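Only one structure is covered here, and it is reproduced in the block below.
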Amino acid sequence: MAQRLIVIGGDAAGMAAASQARRRRDRGDLEIVAFERGHFTSYSACGIPYWISGLVPERDELIARDPATFREKFAVDVRMRHEVTAIDLDRREVVARDLGGGGEVRERFDTLVYATGAVPTKPDWARAGAGGVFGVQTLDDGAALRAWLESEPRPRRAVVVGGGYIGVEMAEALIQRGLSVTLVEQAEQPMSTVDPDMAELVTDAMRAIGITIRTGLAVTGLEETDGRVSAVVTAEGPIPTDLVVLGLGVRPNTALAEAAGLPLGVTGGVRVDRRMRVAGVPGVWAAGDCVETVHRVTGMPVHVPLGTHANKQGRVAGINIGGGYATFLGVIGTAVTKVCDLEVGRTGLRERDARAAGFEFVSVIAQSTNRAGYYPGSRPMTVKLIAEKPSGRLLGAQIVGWSEAAKRIDTLAVALWNGMTVDDMTALDLGYAPPYAPVWDPVLIAARKAVDALTATDR
Ligand SMILES: Cc1cc2nc3c(=O)[nH]c(=O)nc-3n(C[C@H](O)[C@H](O)[C@H](O)COP(=O)(O)OP(=O)(O)OC[C@H]3O[C@@H](n4cnc5c(N)ncnc54)[C@H](O)[C@@H]3O)c2cc1C
């Protein structure tokens with residue numbers, strides 16, 4: 001008799017696991033059932049800001065594989081609009097509710113993949129039900145926001161609450177749609193994923209495209225007129241608006257896991273081993289935004305909800321379930337984003353992370369350009385490196401600049417992943433031609449500067 005795999009969550013992690021398991025085990029050997037409470041499978045939430053801005057015209061362009069493809073090509077029994085409401089580990093069953101009104105089903109499993117993603121932070125004031133308040137977690141959220149933008153009376157003003165990368169991307173998207181946008185951030189600066197000196201460059205770029213930035217300020221409530229939001233309330237007075245977008249971060253979606261007795265880690269994510277097996281629970285796997293992982297530089301548990309990890313972790317789980325061998329070795333915090341043409345990349349530790357982890361370090365900032373100075377289109381590029389003292393091991397890097405800045409972080413990510421020192425990095429054989437870099441690449445200039453700083457501290 002075929003074994004039975006049940007997947008909870010039909011996006012990046014869950015469907016990567018399902019498709020990898022299927023590649024290794026045919027339907028006579030493994031039956032796969034996937035429950036998804038939403039309307040879509042394998043969609044790119046990452047693309048939502050570009051759909052909102054209009055750069056990506058159609059919603060369906062954000063869908064990598066629809067349920068029909070999974071059914072036909074991967075023989076996965078995809079149950080859309082089915083929310084799993086309980087996991088019974090003793091009976092090896094899940095209970096799911098048909099959100100289309102079809103009642104409840106119980107399904108047996110031999111193997112379970114828990115891939116429920118994350119829950120966006122939604123303060124009480126955002127729950128009150130005023131029209132015009134949106135998250136951007138799912139394609140349904142994106143569709144609701146787009147419909148509001150196209151409804152009458154046409155919204156002209158927007159407030160984005162939260163200045164993380166999603167808030168920044170959404171602020172840009174709304175500016176591109178011609179709205180007047182205010183970004184409200186409780187901390188002293190938006191883009192706290194990089195150090196304040198680098199975040200300042202991003203803040204300047206945001207202001208330059210017309211985004212009003214209010215920092216050190218919290219939204220505490222909403223004002224509404226005729227059921228529509230008309231202002232956000234702050235300690236410095238109301239900010240009038242026709243719509244509010246929430247970008248306040250997420251936490252692992254573990255309510256079901258917790259109720260079933262799956263172990264959670266200190267960050268709140270499900271605890272898994274390198275093969276994505278849930279710690280101490282045979283036959284149960286977890287992947288994606290719902291799990292905790294390890295930071296390779298500090299060795300500490302972290303929750304880093306990114307699509308890049310969700311896809312890899314799902315793949316690892318699926319390969320292992322399929323009878324292969326794969327591991328997920330942790331993260332180093334690499335991420336990229338942009339504000340219009342200004343690109344931002346980071347990897348490893350920020351100064352405050354390095355300090356909190358007890359490292360002694362130097363940090364340097366090198367100013368350079370993305371191309372040879374004389375080549376048309378040459379623009380500034382700022383590279384920051386953080387290197388351990390006295391070893392010189394690279395601990396972290398950040399880049400802000402125009403074209404070719406963001407993906408340059410990958411060079412630094414590879415160096416950091418492999419434990420390179422800044423001394424080693426000065427000898428790297430990196431590509432050079434005037435259209436792509438100055439003769440000394442910004443990465444090499446920064447590495448040399450870090451070596452100088454280490455030498456000056458009597459390493
Ligand atoms: C606006 C935005 C921009 C982003 N940009 C980037 C980016 O540029 N780069 C990057 O790496 N990451 C980005 N991300 C993050 C990325 O989208 C997530 O990390 C990724 O989607 C996580 O995949 P997942 O499968 O773990 O979770 P999800 O994508 O959240 O999928 C989980 C699925 O489980 C379903 N589900 C949950 N509970 C149940 C249940 N009880 N029963 C049935 N179904 C259930 C949900 O409906 C959901 O479809 C962005 C996210 C957003 C919102």
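Predicted, not measured: the structure shown is a model, and the values here were computed from it. In each ligand, atom 1 is the first atom listed, and ligand 1 is the first ligand listed. Computed from heavy atoms alone, side chains included, the values below leave out hydrogens, waters and symmetry copies.
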| task | Look at atom OH of Y50 and say whether more than 12 heavy atoms of other residues, nucleotides or ligands are closer to it than 6.0 Å. | result | yes

| Ligand-residue contact atoms, ligand 1 with L256, heavy atoms, under 4.0 Å | 41 (N)

| Has R25 got more than 12 heavy atoms of other residues, nucleotides or ligands less than 6.0 Å from its CZ? | yes

| Which of the numbered atoms in ligand 1 are below 4.0 angstrom from a heavy atom of A12? | 23 (O), 25 (O)

| Looking at side-chain heavy atoms only, is the closest gap between M425 and L412 below 4.5 Å? | yes

| request: Report the nearest protein non-hydrogen atom to atom 52 (C) of ligand 1: residue, atom name, distance rounded to 0.1 Å. | output: I166 CD1, 3.5 Å

| query | Quick one: which ligand 1 atoms are inside 4.0 Å of a heavy atom on Y43? | reply | 48 (C), 49 (O)

| Are R4 and E107 ion-paired here, with the side-chain N under 4.0 Å from a carboxylate O? | yes

| query | What residue and atom, counting heavy atoms only, is the protein's closest point to atom 4 (C) of ligand 1, and at what distance? | reply | C46 CA, 3.3 Å

| query | Any N or O on G307 sitting closer than 3.5 Å to an N or O of ligand 1? | reply | yes

| task | Under 4.0 Å, heavy atoms only, figure out whether ligand 1 is touched by the backbone of T116, its side chain, both or neither. | result | both

| remark: If we number the atoms of ligand 1 from 1 as shown, the ones under 4.0 Å from a heavy atom of G288 are 26 (O)

| query | Looking only at distance, does A13 have an N or O less than 3.5 Å from an N or O of ligand 1? | reply | yes

| query | So which protein heavy atom does atom 26 (O) of ligand 1 come closest to, and at what separation? | reply | D289 N, 2.8 Å

| Is there a side-chain contact between V272 and W285 (heavy atoms, below 4.5 Å)? | no

| note | If you scan protein heavy atoms around atom 47 (O) of ligand 1, the nearest is E36 OE2, 2.6 Å

| task | Using distance alone, determine whether P49 and ligand 1 share an N or O pair under 3.5 Å. | result | no

| query | Considering only heavy atoms from C-beta outward, does the side chain of M206 approach that of L183 to under 4.5 Å? | reply | yes

| query | What part of S44, side chain, backbone, both or neither, has a heavy atom within less than 4.0 angstrom of ligand 1? | reply | neither

| Between V336 and ligand 1, which residue portion shows a heavy-atom distance shorter than 4.0 Å: side chain, backbone, both, or neither? | neither

| request: State whether the shortest distance between N or O atoms of Y165 and N or O atoms of ligand 1 falls below 3.5 angstrom. | output: yes

| Under 4.0 Å to a heavy atom of P305 - the qualifying atoms of ligand 1, by number | 15 (C), 19 (O)

| said: I want to check something: taking the side chain as every heavy atom from C-beta on, are E169 and V136 in contact at a cut-off of under 4.5 Å? | reply: no

| field | Nitrogen or oxygen of R37 less than 3.5 angstrom from that of ligand 1 | value | yes

| Can a salt bridge be assigned to the pair K384 and E351 using a cut-off of 4.0 Å between side-chain N and carboxylate O? | yes

| request: Before signing off on this row, confirm whether V84 and ligand 1 have an N or O atom pair separated by under 3.5 Å. | output: yes

| For atom 30 (O) of ligand 1, what's the nearest protein heavy atom and its distance? | G117 CA, 3.5 Å

| Does V339 reach the side chain of I209, with side-chain heavy atoms less than 4.5 Å apart? | yes

| Regarding E36 and T41, is there a side-chain donor-to-acceptor distance under 3.5 Å anywhere? | no

| field | A45, portion touching ligand 1 at heavy-atom distance under 4.0 Å | value | both

| Tell me, which protein residue and heavy-atom name are nearest atom 28 (P) of ligand 1, and how many Å apart are they? | D11 OD2, 3.7 Å

| request: Look at atom CD of E150 and say whether more than 12 heavy atoms of other residues, nucleotides or ligands are closer to it than 6.0 Å. | output: yes

| Atom CZ of R274 with >12 non-hydrogen neighbours under 6.0 angstrom | no

| remark: Rounded to the nearest 0.5 Å, the CD1 atom of I386 sits from the CD atom of Q398 at a distance of 5.5 Å

| message | For atom 23 (O) of ligand 1, what is the closest protein heavy atom, and at what distance to 0.1 Å? | response | A310 CB, 3.4 Å

| query | Would you say ligand 1 has an N or O under 3.5 Å from any N or O of Q137? | reply | no

| said: Closer than 4.0 angstrom, basic N to acidic O: yes or no for D242 and R157? | reply: yes

| Under 4.0 Å from ligand 1, counting heavy atoms only, is it the side chain of I8, its backbone, both or neither? | side chain

| said: For atom 34 (O) of ligand 1, what is the closest protein heavy atom, and at what distance to 0.1 Å? | reply: G9 CA, 3.2 Å

| Residue from E83, H82, E104 passing side-chain hydrogen bond (donor to acceptor under 3.5 Å, both in side chains) with R97 | E83

| Distance only, no hydrogens: is a donor on one side chain within 3.5 Å (strictly under) of an acceptor on the other, for R350 and S192? | no

| request: Decide whether the shortest distance between a heavy atom of H82 and an atom of ligand 1 is less than 4.0 Å. | output: yes

| For ligand 1, which atoms, with element, lie under 4.0 Å from some heavy atom of T308? | 11 (O)

| query | Of the backbone atoms (N, CA, C, O) and the side-chain heavy atoms from C-beta on, which set of N253 has a member under 4.0 Å from an atom of ligand 1: side chain, backbone, both, or neither? | reply | side chain

| Salt-bridge contact D341-R379 (side-chain N to carboxylate O under 4.0 Å) | no

| said: Using a 4.0 Å cutoff against the non-hydrogen atoms of V136, which atoms of ligand 1 qualify? | reply: 1 (C), 53 (C)

